Amino acid sequence: MDADAAVDELRALGIEPGDLVALVVGDASLSVAVPTWATNWPVAPADVVGRIDRELGPRWVLWSQATAGALAGHGVRLTRSWDAAAVHRLLFGGWRADPGRIWARLHDLPTADLPAPDPIDLFHQTDDGDPAGPLREDGYLDPEWIDGGWASSPDRMAAWAGVLADVARLQLAAVGDVSARDERPMALRTAYAESTAELLCAELTVGGLPMDRAAMEGRISAYVGPRPRSPQEAVELRDARDEEVLRHVPEGVRFDLRSPSQVRSMLRMVGVEVPDTRAWRLERLRDAHPLVDALLAWRKAERVQTTFGYGWLDENLGPDGRFRGEWSGSDGAAGRMTASAGLHNMPADLRGGVVAEPGHVFVRADLGQIEPRVLAAVSGDRALAAASQADDLYAPVAAELGVDRAIAKVAVLGAMYGQTTGEGGRALAGLRRSYPVAMAYLDAADRAAQVGHDLRTYGGRLVRTGSAALGEPGGPDSIGDREARSQAAARGRYGRNAMVQGAAAELFKVWAVTVRARGRDLDAQVVLCLHDELLVHVPDEHAGAAAAMVDDALQEAAARWAPDRSVRFLSDTAVIPTWADAKG
DNA sequence: TGCGGCTATTG
DNA sequence: CACAATAGCCGCAG
């Protein structure tokens, strides 16, 4: 068996572009399956998969991002996928999406306690006869198969691909049901986009973010000084930093600056009384005592030292100048992308260390006022959609309400977050009058979440608001009435916001995977996704074309995601050498 | 050792 | 300190 024969075998099945083909990858072989057929090919997976992708163009069914990550490690990028874990999260909410859970849900089996691997098995050799298949008699998948046993023989790998093909068939039907039942024909498109976003995440994890080690070390040293040459020197430097604060309190008194309660006591000793020691509160008391200023400076440095210091760099920046975190396509309440290693909360001061490689630049683009525009689209509010035609959406809203732009902005944001007090709260009545459809959409989500009714975003993602996500509505009867009301209100804000943030995340991912696809011919590589911002790494000679492509991709994505085109979406796009460089 | 609280950073 | 997230350290329970 060679790659040619493998491609021919699949071609003979009549696979057309976009057809679902399940893929399971082992060390030295791979298995593929369609609903009526499964096989194992003893060939190097990277060679064959890349060719099939180019020549036949299937939509690869994968258990999860891990398969794409293994292939990306060999330089193979799949074009499109059906990611069973991503589709499971879309259909059923939550985060956990291992094969056992996916299978059980599709077969209406309880998932409260899924079968776990029998610890006794660890002391037995896997039986070579292997009469048992992946399915147990009770209908669950065999946990031993899930836990790596699928890879122990060619027959098992083929059977495992067959299970995956079956999963995709059932998920496809379930997605169709969501579209029909909830009148959201979006769900299939969302499944495609979320799946392909998982491919992008695998590539982000493997490929990393270009970073200049010297430039980043320079920025770190501005906060915490040069890299200590020994553990002993590190301790001395730390003590010296502490002393810069402690010298403002009487001799002989020691406080642990890392303990909030001790910091509060320390401040009280110099006559500064605060309910907590958060920076925004201390900011206003800088003049009260020199200790406050020293403490705030210490906090900044301590933050860099512990979270974004030399250790952070050493752990995550490879010798190839790529900084790597792990990427998830859909985490948390509303299905945003997340990243580890601080990629999503790196202090702005350090961004200058994110530098394009020689002969390359970044195209940086961020969506303007994405959440109110998304609210206009998902709610179908014609007045808000009209406001979205302006470059600055808040300007026409302010004019309509007869208030300052700043007030209009906090009012709109407050409505989406569930704020009821302050200036935003006061302007709420005006919003209800002028944008009743959008406000009713938010209120409906709020009310549903308060009583624990699950929600679905515009794209069809289930947002759980019941016991699994937020604790039982109504809660244990030990809590007081006041606290119960407060919890209900918090649940309402959660649901209200999840509908907007979640839909925004869906649009963003359609944009990101469109850029990924259209960037292929320009050697343009998406290297960072940040909720409403894309960073694309591209050779110098393609910079202009890539910037135009990113803007075009947004219009293409918006047209696919919200086909009625009534809402305008904008991106602010710039070609820059480092991430810190000014936007346009 | 695990977990809630506090804190800081980002969108 | 409204919504979301990651991450580190402290203090406490078990």
Side-chain angles (χ1 to χ4, degrees), chain A residues 95 223 238 242 255-265 274-284 295-309 311-312 315-316 325-351 354 366-372 374-375 409-428 442 445-446 449 457 463 465 469-470 486 489-505 508 528-535 572 579:
Chain A
W95 186 82
Y223 284 99
R238 178 179 139 142
D242 290 6
F255 292 100
D256 183 351
L257 298 177
R258 294 156 190 85
S259 165
S261 70
Q262 289 198 41
V263 168
R264 208 168 145 229
S265 303
V274 280
D276 61 64
T277 72
R278 290 182 172 90
W280 66 268
R281 207 185 286 282
L282 294 177
E283 203 68 49
R284 286 175 280 182
L295 177 64
L296 287 169
W298 178 90
R299 282 255 178 90
K300 266 275 200 261
E302 178 72 2
R303 171 96 179 124
V304 171
Q305 171 66 30
T306 56
T307 307
F308 296 103
W312 168 75
E315 200 168 316
N316 301 297
E326 305 221 335
W327 288 79
S328 298
S330 170
D331 252 350
R336 275 183 166 185
M337 291 172 73
T338 60
S340 69
L343 278 163
H344 274 178
N345 55 346
M346 188 189 306
D349 291 340
L350 300 185
R351 292 183 175 187
V354 177
D366 72 288
L367 301 175
Q369 304 170 336
I370 181 61
E371 292 195 339
V374 159
L375 173 61
K409 179 176 175 175
V410 297
V412 172
L413 293 174
M416 291 187 294
Y417 291 153
Q419 185 182 29
T420 54
T421 58
E423 285 183 312
R426 277 193 289 282
L428 203 58
L442 294 168
D446 194 308
T457 61
V463 176
T465 71
L470 296 166
S486 149
R491 264 201 305 275
R493 292 194 299 270
Y494 172 94
R496 168 188 292 265
N497 183 251
M499 296 297 274
V500 177
Q501 193 186 99
F508 177 81
L528 189 85
C529 296
L530 194 44
H531 310 316
D532 65 350
E533 177 177 355
L534 279 175
L535 200 62
D572 180 10
W579 192 18

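Proteins get letters first, then strands, A, B, ... in listed order; numbering begins at 1 in each. Keep in mind it's a predicted model, so treat the numbers as computed, not measured.
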Original post:
Going through the distances and angles, do A/Trp312 and A/Thr307 end up as a side chain to side chain contact (heavy atoms under 4.5 Å, CB included)?
Top reply: CA-CA 6 Å; A/Trp312 168 75; A/Thr307 307; 5.8 Å; no

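For the side-chain contact (heavy atoms from CB on, under 4.5 Å) with A/Val263, the lone residue among A/Thr277, A/Asp276, A/Leu282 that qualifies is A/Thr277.
As judged by a 4.0 angstrom heavy-atom cut-off over every strand, A/Glu371 is placed among residues making no nucleic acid contact. Nucleic acid contact for A/Arg281: none, since no nucleic acid atom lies under 4.0 Å from a heavy atom of the residue.
Between A/Ser261 and A/Val410, the residue anchored closer to the 5' end of DNA chain C is A/Val410, taking for each the nucleotide with the nearest heavy atom. For the pair A/Asp331 and A/Asp276, both in contact range of DNA chain C, the more 5′-proximal nearest nucleotide belongs to A/Asp276.
In this model, the phosphate group of C/dC10 is not approached by any side-chain N or O of A/Arg258 to a distance below 4.0 Å at OP1 or OP2. Note on A/Gln305: every side-chain N or O is 4.0 Å or more away from OP1 and OP2 of C/dG8. For A/Thr338, no side-chain nitrogen or oxygen approaches OP1 or OP2 of C/dA4 to under 4.0 Å. Phosphate proximity of B/dA8 to A/Arg299: present, with a side-chain N or O under 4.0 Å from OP1 or OP2. When the side-chain nitrogen and oxygen atoms of A/Arg493 are compared with OP1 and OP2 of C/dC3, one or more of them lie within a distance under 4.0 Å.
Distances from the side chain of A/Thr307 to the nucleotides B/dA8, C/dA4, C/dA7 place C/dA7 closest.
Put simply, CG on A/Asn497 is 10 Å from P on C/dA5, counting in whole angstrom units. Atom CE in A/Met346 sits about 11 Å away from atom P in B/dT10, given to the nearest Å.
Residue A/Glu326 qualifies as open at atom CD: its count of foreign heavy atoms under 6.0 Å is 12 or below.
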